[in-house]
Amino acid sequence: MNIAIVGGGIAGLALALGLHQRGLACQVYEAVPEVKEIGVGITLLPHAMRELRDLGLQAELEAVAIENLESVFYNRWGQFIYREPRGRHAGYDVPELGIHRGKLHQVLYRAAAARLGAQALHTGHRCVRFEQDATGVTLHFAPDATGHTPAPVRADVVVACDGVNSAIRRQLFPQDAVCFAGINTWRGVTVHKPILTGKSYLRIGSIDTGKMVIYPIVDNVDGQGNQLINWVAEIRRPDAAMNDWNQPGRLDDFLPTFADWRYDWLDVPALIRHATQVFEYPMVDKDALPRWSHGRLTLMGDAAHPMYPRGSNGSAQALLDARTLADLLARTADPVEALQRYEAARLPATARVVETNRSQPPDAIIMKADELSGGQPFGHIDELIGQDELRAISDRYKQVAGFALK
């Protein structure tokens, strides 16, 4: 079986590694001319780490990441709301890691090149359209940076892993559009001394008053004990225009919201101002599709189910997609049936995560505290709500996302 994977990101490379592990050949077609270490931070939750462990990548990832000890929630006044242990510290059999997205991608790419052979990874191949008949799919590509147009590719099966702006998804669903609800984000990395334990994942505030997500992704980055801290600022404004993707962020657009966020344990405006780079992104997702699989072609990862980047779940769901489809293609004689069974297994599950990320994300814990306090400082969190009730909110999200402790 000749399998073509469109897109060499997390989903595409994980699928390629999973297929190779099961004795199935594939070719990966990536749009960029050269794979570079770019981006900011990402968190690998336990269900993501189990998939990466089973691909034989855990040790290499742990060597370039920081293992999270705890997740901690504060309101915008810097008042403690809730804390819970994470990963192995919470009883999982794998760690929860904070890592630079570029380092994760490089680990996947190196593994794919070593195991499949570099000849199976084709850069400079940006797919723009496909044609399908009863026996296969033909992919067509845009001219590369030199003006050369790669030759069309014929495959028995095509898996579109080409992201939120997938050309293949757009061809299947021409009216498809991103959903923007007025939430914009700005992401950056800052060299900073360790915050709290140095292995703490922090959420401060909520999108209505300004929210910060902060966690370390590289330890002792400068040889002086400082870490590379990943941070995300999120603000909802009803009349906001949608941010661009991967554009430099302007501090004036969001820093005033956080100007007074100075606590005994962290100066938030200083963390933002000292960033080595800042990018702006909109917080968008898409409504669930009625179907992913069309004959010998299917969608995966952000091409199938783009979701709000809350709860660190986009990459985990892509990795679950990849393992599910690799298993089905390996044990199902008819590839069309395999793609249909993959859709049946994964589309409803990811649709629930998309909806939960919109309505009840992990920071619902902070939103609940703000609701009970009227958005004002309080004496002690136990005067408003018990820790068991807050834990139940956290556990409900884990259950939907697929990483509740068994």
Side-chain angles (χ1 to χ4, degrees), residues 1-30 47 50-51 54-55 112 115-117 119-122 125 127-141 151-163 166-174 176 288-306 316-353 402:
M1 184 161 42
N2 172 19
I3 303 168
I5 300 171
V6 178
I10 294 171
L13 293 173
L15 176 60
L17 290 166
L19 291 170
H20 177 267
Q21 197 175 56
R22 291 158 179 79
L24 296 176
C26 65
Q27 301 285 313
V28 179
Y29 300 91
E30 166 56 39
H47 52 332
R50 288 194 187 106
E51 302 303 326
D54 291 348
L55 292 173
R115 299 177 195 179
L116 281 71
Q119 73 280 356
L121 308 178
H122 307 270
H125 282 66
C127 182
V128 291
R129 64 184 178 91
F130 70 91
E131 298 161 355
Q132 181 170 195
D133 56 37
T135 61
V137 183
T138 302
L139 299 173
H140 297 271
F141 303 94
V153 167
R154 180 78 173 171
D156 300 318
V157 172
V158 167
V159 186
C161 304
D162 49 342
S166 166
I168 290 178
R169 176 173 172 142
R170 189 164 54 247
Q171 184 174 338
L172 293 169
F173 300 94
D176 184 56
L289 291 172
R291 56 190 294 209
W292 295 349
S293 299
H294 301 253
R296 292 173 172 268
L297 180 146
T298 196
L299 307 174
M300 179 174 288
D302 281 349
H305 47 73
Q317 297 304 318
L319 290 163
L320 290 167
D321 290 348
R323 188 253 303 153
T324 301
L325 183 54
D327 279 346
L328 288 167
L329 285 170
R331 66 172 187 248
T332 309
D334 178 6
V336 174
E337 180 186 348
L339 299 193
Q340 291 170 344
R341 291 173 63 190
Y342 155 71
E343 175 189 297
R346 294 295 300 148
L347 194 157
T350 55
R352 285 194 297 273
V353 179

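Predicted model, so just to flag it, every value in this text is computed and none were measured. For the single chain, residues carry numbers from 1 onward in sequence order.
Residues E343 and H294 are not in side-chain contact: their nearest non-hydrogen atoms beyond the backbone lie 4.5 Å or more apart. I3 is not listed as a side-chain neighbour of L15, based on a closest heavy-atom distance of 4.5 Å or more. Two residues are said to be in side-chain contact when any heavy atoms from C-beta on lie closer than 4.5 Å; F141 and V153 meet this criterion. P306 is listed as a side-chain neighbour of R169, based on a closest heavy-atom distance under 4.5 Å. Considering only heavy atoms from C-beta on, D321 comes within 4.5 Å of T350 through its side chain. Put simply, the side chain of L55 does not reach to within 4.5 Å of the side chain of E51, judged on heavy atoms. Taking the side chain as every heavy atom from C-beta outward, Y29 and V158 never approach each other to under 4.5 Å.
L139 approaches C127 most closely through the heavy-atom pair CD2-SG, 3.9 Å. Smallest separation of non-hydrogen atoms from S166 and A303: CB-CB, 3.7 Å. Taking both residues in full, the closest heavy atoms of G7 and V28 are given as O-CG1, 3.8 Å, listed atom of the first, atom of the second, then distance. Among all heavy-atom pairs drawn from M1 and P335, the shortest one is SD-CB, 3.7 Å. Heavy atoms only, all atoms of each residue included: C161 and I5 are closest at SG-CG2, 3.9 Å. The two residues L172 and L297 come nearest to each other via the heavy atoms CD1-CD2, 3.8 Å.
With hydrogens and angles ignored, the 3.5 Å screen pairs no side-chain donor or acceptor of R323 with any backbone N or O of L319. A donor-acceptor distance shorter than 3.5 angstrom exists from the side chain of D156 to the backbone of N2, with no hydrogens or angles considered. Checked by atom type and distance alone, the side chain of R296 pairs as donor or acceptor with a backbone atom of A134 at under 3.5 Å. Of the possible polar contacts, one joining the H20 side chain to the R115 backbone as a donor-acceptor pair under 3.5 Å is found. Checked by atom type and distance alone, the side chain of Y342 pairs as donor or acceptor with a backbone atom of L299 at under 3.5 Å.
Checking R129, E131, R154, Q132 one by one against T138, the side-chain hydrogen bond (donor to acceptor under 3.5 Å, both in side chains) holds for a single residue, R154. Screening R341, E337, Q340 for a side-chain hydrogen bond (donor to acceptor under 3.5 Å, both in side chains) involving T332 leaves a single residue, R341.
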Practice prompt. Take V157 and V336 through the test side-chain contact (heavy atoms from CB on, under 4.5 Å) and record every step on the way to the result.
Written response: CA-CA 8 Å; V157 172; V336 174; over 6 Å; no

Worksheet item: When you look at E30 and L121, which way does the side-chain contact (heavy atoms from CB on, under 4.5 Å) test go after all the steps?
Response: CA-CA 8 Å; E30 166 56 39; L121 308 178; over 6 Å; no

Discussion item. Would R346 and Q317 count as a side chain to side chain donor-acceptor pair (under 3.5 Å) here? Give the steps.
Written reply: CA-CA 9 Å; R346 294 295 300 148; Q317 297 304 318; 2.7 Å; yes

Fill in: Audit row: D176, R170, salt bridge (Lys or Arg N to Asp or Glu O under 4.0 Å) steps and yes/no
CA-CA 6 Å; D176 184 56; R170 189 164 54 247; over 6 Å; no

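If you take CZ on R291 and OG1 on T298, they are separated by 9.5 Å, rounding to the nearest 0.5 Å.
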